[in-house]
Amino acid sequence: MSEGRAPAHEHAPDTATALGLAVVLLALAGICALLGDHFLLGALRLGAGVLAGAGLGVLLIALLGGRLRRRMRTLLAAGLALVVALALTLPAVLPTRVDSLEHAAAAEIAPLGEEDTVASAPGGQGPVLVRRADGTAQLVEPGTGAREVESAPDDVLALSADGTRLVQVSGEVTRVHELGGGEPGESPARVELPGQPLALSGDTLVLRACEEGVCRVRGVDLTAPDEPLWTVMDAEETRGPDQAGLALPARADAAPGLLDAVAATGVLPSVPLRFDPAQGWLQIDAATGFPVGRVLAPADADCRIAATPAPPDPQSVQEQGPLVLTVCAGEDGALTAAAFRDGAPLWESAPSPAGDWTVRLEAGRVLASGTEAGTAAEGEILASEHGADWTAPGGDGVAQAEAFTARIGIDGTRMVLTNEAGQLLAYDTATGTNSWTLPLEDPEAEARGSLAAGTAVVVDEPVREDPLDPRGAQRLRVITAEDGEVSEELVLDEEITAWRPLSGGRALVSTDEGTVLLGG
C-alpha cells in the first residue's frame with residue numbers, strides 16, 4: 001500500500017447497503033405510482049417519479065463502486081436522479097396544466113357588478129358596451145382593450161344595430177360617435193343633433209324633437225347632417241316600443257317612454273316605429289318618413305311591439321331583413337301575436353289560452369311564460385311562423401327526445417339543454433329540430449350556463465382521469481348557438497363568479513379579480 005493513500009474500503013460505499021436502499025426506493029416508487037393511479041392522488045404520482053429517480057441514482061452509486069472519486073460518483077448519481085425524475089413527471093404534468101383567463105382574454109376590465117349592464121350589436125360586430133351602476137361606461141373590444149366613455153349618469157347610451165356607432169342621448173340632445181376613431185367623447189367624427197333618436201338605419205338617423213309644444217320627426221343623413229332629409233309633424237303624446245329579447249309583463253303598467261327600450265337593451269334599432277295616438281303603431285320609411293304598410297297595432301289595445309332580427313330560415317340563401325313583432329293581450333289575458341316585414345303582415349297567431357303571462361319578443365317569434373287560467377302550473381308557449389296555434393317550445397321534436405337533465409337557456413331561436421346521455425344539445429324553439437350536439441365529459445356532473453344574444457356559455461366539470469388532473473377545475477365553453485361552434489374552451493381552477501353571453505360567439509366572464517372578454 002502506498003504511503004498517504006487510504007485503503008479502498010474507506011472510500012468505497014457499502015455496495016450491499018446501496019443496493020438495498022435502491023431496491024427500497026424503487027419499490028416505494030412503484031407502490032406510489034399504483035396508489036396514485038388508483039386513488040387519483042397527484043402527490044403520490046409526483047412522489048413516484050422522484051423516488052424512482054432517487055432509486056436509480058443510488059443504484060448507479062452501487063454499480064460504480066470505488067471506480068470513481070466520491071464527488072464524481074455523487075454528481076453522476078444526482079444528475080441521473082434529476083433526469084429520471086423530470087422524465088417521469090414533466091411529461092405527465094404539462095398536459096394537465098389549467099388554462100388562464102388572463103392569457104385567453106381579448107380584453108380585461110374591472111369585475112362586473114350585479115347592476116352593471118352589457119350590450120353588443122346583434123350581428124356580433126363592433127365593441128361591447130359596458131354600463132356601470134354608477135353611470136360610467138366603457139367600450140371593450142379586442143386589440144384596443146377598454147375605453148372610457150364620457151357620460152353622465154342620466155345619459156342613455158346605445159350601440160347602432162351594425163355596431164359601427166355609439167349613440168349618446170343627454171336630455172334632448174343626441175350625439176352620434178363613429179367607432180374605431182378615438183375616444184367617443186373626444187373624437188372629431190361626431191354629430192350632435194337636437195331631439196331623441198327613434199332608429200338608425202345605415203347612415204340615416206330618425207329623431208323626434210319638440211319645441212314650444214310642437215313636435216316633429218325627421219330623418220338626418222349623418223354624412224351630411226346640416227339639413228334634414230325629411231320632416232313630418234308628430235303628436236305631442238307619444239310612447240316608445242318595447243325591449244326585444246327581455247321578459248315583459250303582457251300588459252304594461254304604464255306606457256313605455258320613448259327611450260326605455262334603448263336604455264334597457266343598449267342597442268338602437270334599425271327599424272323606425274312611431275306611435276300615433278289617433279291610429280296606433282306605424283312603421284315609417286327611414287329614407288322618406290312615410291308610413292310603410294298597414295297599422296301594426298291599434299292605439300287602444302294592450303300590445304307589446306318591438307323590432308327583432310328574423311328567425312332562422314335554412315331554405316333561404318339570403319339574409320332576411322328585420323321583423324316587427326306585436327303581441328296583444330285580451331281582457332282575459334289571452335295573447336295574439338303577429339309579425340310584419342316592411343309593414344306587411346307575415347303571420348298572425350290564434351289567441352292563446354287565457355292566463356297571466358310574461359312575453360319575450362325575440363328572433364321573429366314570441367315566447368310567453370306564465371300560468372294558464374284555471375291551473376296552478378307554470379309553463380311556456382310559443383307563437384311562430386310555423387303555425388297559427390301557440391305550441392310548447394320545441395313541439396313534438398323535443399317531446400320525443402331523450403329525457404333532459406338541465407336547461408342552459410332558451411330564446412326565440414333555440415333552446416340549449418343537457419340530457420341523460422351526457423350531451424349538450426340545441427333545438428329549434430319552434431320545430432324541435434336538433435341544431436347541434438356536443439359532448440359533456442361527465443353525464444352526472446352539473447352543467448351551468450346561460451344563453452343570450454345568440455351565444456351560449458356553458459360551465460361543467462372535466463372528468464379526472466389522471467392523478468395530476470386538477471381538483472375542482474371547471475371547463476368553460478363559449479359556443480355560437482347557431483351552429484354549435486366552440487369559439488373558446490378553457491379548463492380553469494379560477495372561481496367563475498358570473499358570465500354574460502354576447503353576440504358573435506363572445507362573452508364577458510368574471511372572477512373576483514376581474515372581467516375578461518373571450519372570443520371575437
Are any of the side-chain nitrogens in Glu150 or Arg190 under 4.0 Å away from the carboxylate oxygens of its partner?
->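 So Glu150 does not pair with Arg190 through a salt bridge.
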Is Arg365 paired with Asp411 through a side-chain N to carboxylate O contact shorter than 4.0 Å?
->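 No salt bridge links Asp411 with Arg365.
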Report the residue from Arg500, Arg132, Arg131 that forms a side-chain hydrogen bond (donor to acceptor under 3.5 Å, both in side chains) with Asp116.
->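 Testing Asp116 for a side-chain hydrogen bond (donor to acceptor under 3.5 Å, both in side chains) against Arg500, Arg132, Arg131 leaves exactly one candidate, Arg132.
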[Y] side chain reached by [X] side chain, heavy atoms, under 4.5 Å:
X: Phe275; Y: Leu258; answer: no
X: Arg477; Y: Asp460; answer: yes
X: Leu508; Y: Val128; answer: yes
X: Val459; Y: Trp499; answer: yes

CG of Leu193 to CZ of Arg175: how many Å apart, nearest 0.5 Å?
->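 Those atoms lie 10.5 Å apart.
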Atom pair CG (Leu139) and CG (Leu166), whose distance is rounded to the nearest 0.5 Å |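 These two atoms lie 5.5 Å from each other.
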State which residue, out of Leu222, Leu159, Asp162, Thr164, fulfils the side chain to side chain contact (heavy atoms under 4.5 Å, CB included) condition with Leu200.
->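 So the option named by the test is Leu222.
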Sole candidate of Val324, Leu323, Val292 that passes side chain to side chain contact (heavy atoms under 4.5 Å, CB included) when paired with Asp342 =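 It is Val292, the one option of Val324, Leu323, Val292 that forms the side chain to side chain contact (heavy atoms under 4.5 Å, CB included) with Asp342.
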Quick one: do the [X] and [Y] side chains pair a donor with an acceptor below 3.5 Å?
X: Arg448; Y: Gln474; answer: yes
X: Ser369; Y: Thr358; answer: yes
X: Thr418; Y: Thr405; answer: yes

Greater than 12 external heavy atoms within 6.0 Å of Glu172's CD =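 For Glu172, atom CD is crowded (more than 12 foreign heavy atoms under 6.0 Å).
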Are more than 12 heavy atoms from other residues, nucleotides or ligands located less than 6.0 Å from atom CD of Glu482?
->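 Result for CD/Glu482: open.
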Verify, without hydrogens or angle tests, whether Arg506 (side chain) and Ser503 (backbone) share a donor-acceptor contact under 3.5 angstrom.
->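 Checking the backbone N and O of Ser503 against the side chain of Arg506, a donor-acceptor pair under 3.5 Å is found.
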